[in-house]
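Only a predicted model underlies this, so the values are computations on that prediction, with no experimental measurement involved.
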Amino acid sequence: MTTDVDARPSVRVRYWAGAAQAAGCDEENLPLAVGEAPQSPELTGRDVRGLIMRAHPDIEAVLARCSLLHGGRRLADDASFEPADVVEVLPPFVGG
């Protein structure tokens with residue numbers, strides 16, 4: 001978890017390919033809402049998807065097809081993680 005200038009905890013998200021186009025940026029910090037900081041230092045993939053949807057409501061169709069990666073591994077919606085690293089949003093790739 002990173003902290004923005006306003007001292008609210010946030011998650012660093014990096015978007016790739018069509019996800020970056022849909023988000024309108026390649027990378028950003030998404031702050032947790034006041035009172036939303038988890039009791040533990042962990043978040044879930046579902047939490048990250050919710051943060052992305054709140055920041056970019058029009059990304060839903062793209063995000064539904066994307067995988068989340070944390071530390072180079074797929075992050076399932078119900079998997080928790082300590083957000084010390086970047087979460088990456090990767091759309092599906094075709095070909096080899």
Extract all donor-acceptor atom pairs below 3.5 Å that involve side chains of residues 57-68 and protein atoms in other chains or at least two apart in sequence.
unit_1, atom_1, unit_2, atom_2, d
Arg65, NH1, Ala61, O, 3.2

Run the side-chain contact (heavy atoms from CB on, under 4.5 Å) check on Val89 and Trp16 step by step: do they pass? CA-CA 6 Å; Val89 181; Trp16 295 95; 5.9 Å; no

Between the CG atom in Leu51 and the CZ atom in Arg46, the distance rounded to the nearest 0.5 Å is 13.0 Å

Heavy-atom nearest pair, Leu30 first then Ala55, reads CD2-CB, 3.6 Å

* side-chain contact (heavy atoms from CB on, under 4.5 Å) evaluation trace for His56 with Glu28 -> CA-CA 12 Å; His56 307 285; Glu28 66 184 336; 2.6 Å; yes

Shortest non-hydrogen pair, Pro31 vs Ser10, comes out as CA-CB, 3.6 Å

Minimal heavy-atom distance between Thr44 and Asp78, with the atoms involved, is CG2-O, 4.3 Å

Item to check | Residue pair Leu90, Tyr15: steps toward the side-chain contact (heavy atoms from CB on, under 4.5 Å) verdict | outcome: CA-CA 7 Å; Leu90 280 87; Tyr15 303 96; over 6 Å; no

Legend entry - side-chain contact (heavy atoms from CB on, under 4.5 Å) assessment of Ile52 paired with Val13: CA-CA 8 Å; Ile52 294 168; Val13 179; 4.1 Å; yes

To the nearest 0.5 Å, atom CZ of Phe81 lies from atom CG of Leu43 at 5.0 Å

In short, salt bridge (charged side-chain N to carboxylate O under 4.0 Å, His left out) pairs touching residues 13-24 with sequence neighbours left out are Arg14-Glu27, Arg14-Glu88

